[in-house]
Amino acid sequence: MVLRTPEAHFANLTGYPFAPHYLTVGENLRMHYVDEGDATAPPVLLLHGEPTWSFLYRKMIPILVEGGLRAVAPDLVGFGKSDKPTDPDLFTYQRHVDWLGEFVEKLNLRDITLVCQDWGGLLGLRVLAEQPDRFARVVAANTGLPTGDRPAPEAFRQWQQFSQTVPELPVGKIVSGGCAQRLSPDVIAAYDAPFPDETYKIAARRFPVLVPTTPDDPAAEPNRQAWRVLQTWTKPFLTAFSDGDPITAGGERVFQKLVPGAMGQPHVTIRGAGHFLQEDRGDELARVVVAWILGLRV
């Protein structure tokens, strides 16, 4: 069974005036995306994570477009305005990679700047490894590509346990709790909007347990293979991590050390931001991305 959140749930969202776009992936699953700016401009692929949706990038999209770029922000399957299957077994790491890869292919995106946070990196970097010729550069923000070869941070283990045991997953409050400043009630409501009840939250429940935390996890070896691609990646790779995220703290150093394209880049720390730095400092992050891309293209 596949659920589709009624459009009325998304009426009058704060700061989200973008026209909806849809395409079909996988087994006839409708995937929603925002597509703003000149269609011929270089695309910036904005990938959200858990348990957010493209609403997360609402502060960044206008700044990217004003900078002459095309902003493409999909809702992953199970999130936002995209379809939400109710079978937990349908949600595997590999299927999410496949759905996102098909999305990129169907839009025929090329010369992509990947901006990825949280699960946006776990998925986006896998797609990059499978289709490297489509990508021109990467901005990694509060994300990683775990292989299960190192212990997960305690903060993540606590989150993982909470997500599987809490009777009702309070999505909006979770996002607010992951920010340096608490969100207003209308913004919290916008993060709750895709999920009328618990039956819509299967993907949000599944994501935490799909992160590889042991070396023999089904996704561990595919992620190692993706790392082998990243360790030969010479195209520009920028890290823009926040200073207040206990889950991904220090992850930027791994990219800076292992990815050749990260060498010599003007890596930044977004100060005064939590895990969801797009909420806390979205304007600043967008300006960093625009300046970096335009500087590289001079």
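For the single chain, residues carry numbers from 1 onward in sequence order. From a predicted model like this one, the values you see are computed outputs, not experimental measurements.
- Geometric assessment of Lys81 against the ring of Phe10 yields a positive cation-pi assignment under the 6.0 Å and 45° thresholds.
- Side-chain N or O atoms of Glu102 include one that pairs as donor or acceptor with a backbone N or O of Gly26 at under 3.5 Å.
- One hydrophobic cluster, built from ILVMFWY side chains closer than 4.5 Å, holds both Leu145 and Leu258.
- With hydrogens and angles left out, the side-chain atoms of Thr269 and Asp243 include no donor and acceptor closer than 3.5 Å.
- Counting non-hydrogen atoms of neighbouring residues, nucleotides and ligands closer than 6.0 angstrom, the CG atom of Asp197 exceeds 12 such neighbours.
- Scanning both residues, Pro194 and Trp53, for their nearest heavy atoms gives CG-NE1, 3.7 Å.
- A donor-acceptor pair is defined here as one N or O able to donate and one able to accept, closer than 3.5 Å; such a pair exists between the side chain of Lys84 and the backbone of Gly80.
- At a threshold of 4.5 Å between side-chain heavy atoms, the hydrophobic network of Ile, Leu, Val, Met, Phe, Trp and Tyr places Val77 and Leu90 in one connected group.
- At least one donor-acceptor pair under 3.5 Å links the side chain of Ser242 to the backbone N or O of Ala273.
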Report the C-alpha separation of Thr113 and Arg137 in whole Å, then their side-chain angles, then the decisive distance to 0.1 Å, and conclude whether the side-chain hydrogen bond (donor to acceptor under 3.5 Å, both in side chains) test is met. CA-CA 5 Å; Thr113 297; Arg137 60 193 71 81; 2.8 Å; yes
Does the pair Leu109 and Leu45 meet the rule for a side-chain contact (heavy atoms from CB on, under 4.5 Å), with working shown? CA-CA 9 Å; Leu109 298 178; Leu45 181 60; 4.2 Å; yes
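- Of all the heavy atoms in Ala240 and Ala141, the pair that sits closest is O-CB, 3.3 Å.
- A salt bridge is defined here as a Lys NZ or Arg NE, NH1 or NH2 lying under 4.0 Å from an Asp or Glu carboxylate O, and Glu221 with Arg228 meets this definition.
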Trace of the salt bridge (charged side-chain N to carboxylate O under 4.0 Å, His left out) decision for Asp192 with Lys173: CA-CA 9 Å; Asp192 284 328; Lys173 291 182 179 179; over 6 Å; no
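- When atom types are taken as modelled, the side chain of Glu252 and the backbone of Gly250 share a donor-acceptor pair closer than 3.5 angstrom.
- Between the Lys201 side chain and the Leu169 main chain, a donor and an acceptor come within less than 3.5 Å of each other.
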Under the criterion side-chain contact (heavy atoms from CB on, under 4.5 Å), I'd like the reasoning laid out for Trp119 against Thr143: C-alpha separation, chi angles, the key distance, then a yes or no. CA-CA 7 Å; Trp119 263 95; Thr143 191; over 6 Å; no
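- Residues Leu238 and Met263 do not share a hydrophobic cluster, defined by chaining ILVMFWY side chains whose heavy atoms lie under 4.5 Å apart.
- Side chain of Glu50 to backbone of Asp118: no donor-acceptor contact under 3.5 angstrom is found.
- Remark: Glu36 pairs with no residue by the salt bridge (Lys or Arg N to Asp or Glu O under 4.0 Å) rule, at least two apart or across chains.
- In this structure, the side chain of Arg157 engages the main chain of Ala152 through a donor-acceptor pair within 3.5 Å.
- Side-chain contact check for Glu279 and Tyr191: at least one donor-acceptor pair (N or O, by modelled atom type) lies under 3.5 Å.
- Leu47 and Tyr57 make their closest contact through O-OH, 2.8 Å (heavy atoms, listed as atom of the first residue, atom of the second, distance).
- Without hydrogens or angle criteria, Thr165 side chain to Gln161 main chain gives a donor-acceptor distance under 3.5 Å.
- In this structure, the side chain of Arg281 engages the main chain of Arg271 through a donor-acceptor pair within 3.5 Å.
- No side-chain donor from either of Thr24 and Arg30 sits under 3.5 Å from a side-chain acceptor of the other.
- Side-chain atoms of Gln160 come within 3.5 Å of backbone N or O of Pro208 as a donor-acceptor pair.
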Apply side-chain contact (heavy atoms from CB on, under 4.5 Å) to Phe91 and His96, showing your working. CA-CA 7 Å; Phe91 290 107; His96 274 293; 3.4 Å; yes
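- With salt bridges taken as basic N to acidic carboxylate O contacts below 4.0 Å, none links Glu284 and Arg287.
- Asn223 and Tyr93 are linked by a side-chain donor-acceptor pair at a separation below 3.5 angstrom, with hydrogens and angles left out of the test.
- Checked for salt-bridge contact, Asp133 and Arg110 miss the test: no charged N lies under 4.0 Å from a carboxylate O.
- Under a hydrophobic clustering in which Ile, Leu, Val, Met, Phe, Trp and Tyr are joined whenever their side-chain heavy atoms come within less than 4.5 Å, directly or via other members, Val209 and Phe207 fall into different clusters.
- Pro74 and Leu46 get closest at one heavy-atom pair: CD-O, 3.4 Å.
- Between the side chains of Tyr200 and Thr86, no donor N or O sits under 3.5 Å from an acceptor N or O.
- For the pair Arg58 and Tyr16, the cation does not sit on the ring face, since its NZ or CZ is not both under 6.0 Å from the ring centre and inside 45° of the axis.
- Closest heavy-atom contact between Asp280 and Gln181: OD1-N, 3.4 Å.
- In this structure, Arg253 is not positioned above the aromatic face of Phe241 in the sense of NZ or CZ being under 6.0 Å from the six-membered ring centre and within 45° of the axis.
- Connection of Leu13 to Phe276 is established within a shared hydrophobic cluster, with ILVMFWY side chains joined at heavy-atom distances below 4.5 Å, either directly or through further cluster members.
- Side-chain atoms of Gln225 and Arg126 form no donor-acceptor pair, as typed in the model, at a separation below 3.5 Å.
- Arg134 and Gln131 share a side-chain donor-acceptor pair at under 3.5 Å.
- Looking only at atom types and distance, the side chain of His32 has no donor-acceptor partner in the side chain of Ser82 under 3.5 Å away.
- In this structure, Ile61 and Ala73 approach most closely via the heavy-atom pair CD1-CB, 4.3 Å.
- The pair Arg4-Asp83 meets the salt-bridge criterion, since a charged nitrogen lies less than 4.0 angstrom from a carboxylate oxygen.
- Inter-residue side-chain proximity for Val166 and Arg205 is flagged as met; some heavy-atom pair is nearer than 4.5 Å.
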